[in-house]
Number of protein chains: 2
Amino acid sequence: MSAKKVQQPDARAVRMPAAERRELILAAATAVFAERGYVGATTDQVAKAANISQPYVVRMFGTKEKLFLEALDRAMGKLMGSFRSVIADYDGGRLAEKVAALDPAKGDSREIQLKQLMSLAYADLVQDRGILLMLMQSFISGHEPVIGARAREGFVDIYRLVRDEAGLGEEMTRDFLAHGMLMNTLISLRLTDLYGQDSSVTELLECTMGVKLPLLLAHDAPP
Amino acid sequence: MSAKKVQQPDARAVRMPAAERRELILAAATAVFAERGYVGATTDQVAKAANISQPYVVRMFGTKEKLFLEALDRAMGKLMGSFRSVIADYDGGRLAEKVAALDPAKGDSREIQLKQLMSLAYADLVQDRGILLMLMQSFISGHEPVIGARAREGFVDIYRLVRDEAGLGEEMTRDFLAHGMLMNTLISLRLTDLYGQDSSVTELLECTMGVKLPLLLAHDAPP
DNA sequence: GTCTATAAGATGATAGAC
DNA sequence: GTCTATCATCTTATAGAC
């Protein structure tokens with residue numbers, strides 16, 4: 001027998017600058033909260049996903065609630081950042097190629113084109129399940145005193161962005177948000193995983209997602 | 001001082017037939033699950049809401065999971081029942097009065113009228129927050145092995161109802177579901193509670209809910 | 001039909017070592 | 001910067017009395 005004690009390779013995580021570790025934990029937390037929700041997720045699951053110890057998670061963020069809030073801010077930031085760059089790129093004329101590829105049957109006003117481009121950006125963002133599910137989880141946390149308040153603020157921010165910065169009119173804003181919510185639902189229900197396996201599900205997805213479907217079927221791949 | 005020991009009025013619940021008690025517990029469970037979600041809700045909260053002891057809740061339904069499933073079936077049943085009676089009443093010509101009150105600008109095909117009537121029925125159902133939030137909670141439980149599967153079935157059932165029984169076409173089905181999801185989100189976020197208090201929220205609600213708004217502002221009143 | 005007592009297992013957070 | 005040990009709660013579920 002070897003005199004050396006057998007050690008698990010990841011028993012102690014590699015040292016790492018705090019900022020980097022933070023982002024790593026936030027990414028792990030996003031995935032866990034996305035699946036299990038605020039109440040359902042445990043700090044231990046987050047720790048395991050980030051390959052560190054549970055007390056360290058708490059040490060770094062103070063409380064589970066603060067961790068959730070930071071993960072939520074991060075998700076909101078990515079979503080709004082994505083929309084803002086679409087708007088900026090469109091208005092800066094840097095999306096001519098993508099605009100040309102849009103369905104011309106849907107008209108060609110700025111409003112309509114921007115709505116289509118933002119839908120595509122949204123579908124693209126959704127490929128990281130975590131971000132969108134994180135938002136979804138916040139949307140159903142209205143009863144939580146702190147998280148609920150932040151979630152409402154976030155939703156209003158998104159509305160203002162779509163309405164004022166993108167400049168979509170009333171009807172288009174409503175439709176844009178509504179279809180986004182439907183997409184979120186299909187993804188969090190995991191119906192998208194059953195595409196092609198069940199005829200009703202397949203029909204449902206093709207009916208509700210339309211052209212965005214192919215974009216949704218790529219799954220998260222491990223790094 | 002009185003010699004009589006002070007007793008809490010509801011320390012021991014009144015005896016009651018099992019079936020009646022079941023429905024009472026299910027109604028309580030619906031409210032609790034609606035607010036806190038499957039993982040977040042505790043059997044003790046349900047017990048307190050139903051004014052009975054926690055072990056009795058478990059005794060009656062076996063497990064928390066089974067309780068959730070029964071509450072979910074009940075909610076699904078009410079939703080589908082509500083839609084089915086709209087369809088039956090419409091096709092039986094018993095809704096002439098309501099049809100006359102519809103927005104004529106939106107056309108007058110069977111499809112369009114039915115969609116409007118079902119939206120109204122939905123908005124009506126929503127006045128019981130519990131039912132809709134219960135469904136919402138199931139929609140984000142896709143990762144739960146048993147509950148997730150049931151939730152997917154339920155969503156597909158709703159789709160088939162709208163598509164086949166109501167006979168709405170592809171586009172109308174998509175819109176109907178999408179706006180339903182948006183409505184759910186606004187309600188579970190509790191944005192509806194802030195109507196009239198914050199100008200952005202008020203604008204957002206009027207933009208997204210349109211004509212259905214007045215129906216949403218009545219809250220559950222205690223019996 | 002309904003309760004009290006309680007077992008058995010999580011879970012969030014703290015203390016303090018390395 | 002990161003861990004181990006551990007506390008105090010909370011939560012589901014069981015046993016058994018009334």
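Heavy atoms only: backbone and side chains are in, while hydrogens, waters and symmetry mates are out.
Within residues 25-43 of chain B, the residues approaching DNA chain D are B:A41, B:T42, B:T43, by heavy-atom distance under 4.0 Å. Shown for residues 53-70 of chain B: residues whose heavy atoms fall under 4.0 angstrom of DNA chain C, namely B:S53, B:P55, B:Y56, B:R59.
Shown here are the salt bridge (Lys or Arg N to Asp or Glu O under 4.0 Å) partners of A:R59, two or more places apart in sequence or in another chain: there are none. Among residues two or more places apart in sequence or in another chain, the salt bridge (Lys or Arg N to Asp or Glu O under 4.0 Å) test is passed with B:R150 by B:D73. B:E23 meets the salt bridge (Lys or Arg N to Asp or Glu O under 4.0 Å) test with B:R74; sequence neighbours excluded.
Following rounding to the nearest Å, A:M16 (CE) and D:dC3 (C1') show an atom-to-atom distance of 15 Å. Atom CD of A:E20 is separated from atom C1' of D:dT2 by 15 Å (rounded to the nearest Å). For the pair B:Q45 CD and D:dC10 P, the interatomic distance rounds to 12 Å; values are reported in whole Å.
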Evaluate the criterion side chain to side chain contact (heavy atoms under 4.5 Å, CB included) for residue pair B:E203 and A:Y159; output intermediate values, then yes/no. CA-CA 10 Å; B:E203 181 194 324; A:Y159 170 75; 2.8 Å; yes
Apply salt bridge (charged side-chain N to carboxylate O under 4.0 Å, His left out) to B:E35 and B:R190, showing your working. CA-CA 11 Å; B:E35 286 288 87; B:R190 304 198 159 201; 2.2 Å; yes
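Under a 4.0 Å N-O distance rule, the pair A:R152/B:D193 does not qualify as a salt bridge.
Of the side-chain N and O atoms in B:R21, none sit less than 4.0 angstrom from OP1 or OP2 of C:dG1.
When all heavy atoms of A:M209 and A:L186 are compared, the pair lying nearest together is SD-CD1, 3.3 Å.
Looking at heavy-atom distances under 4.0 Å, A:V46 makes no contact with the nucleic acid at all.
Residue pairs meeting the ring pair (Phe, Tyr, Trp, His ring centres under 6.0 Å) criterion with at least one partner in residues 37-64 of chain A, sequence neighbours excluded, are A:Y38-A:F68.
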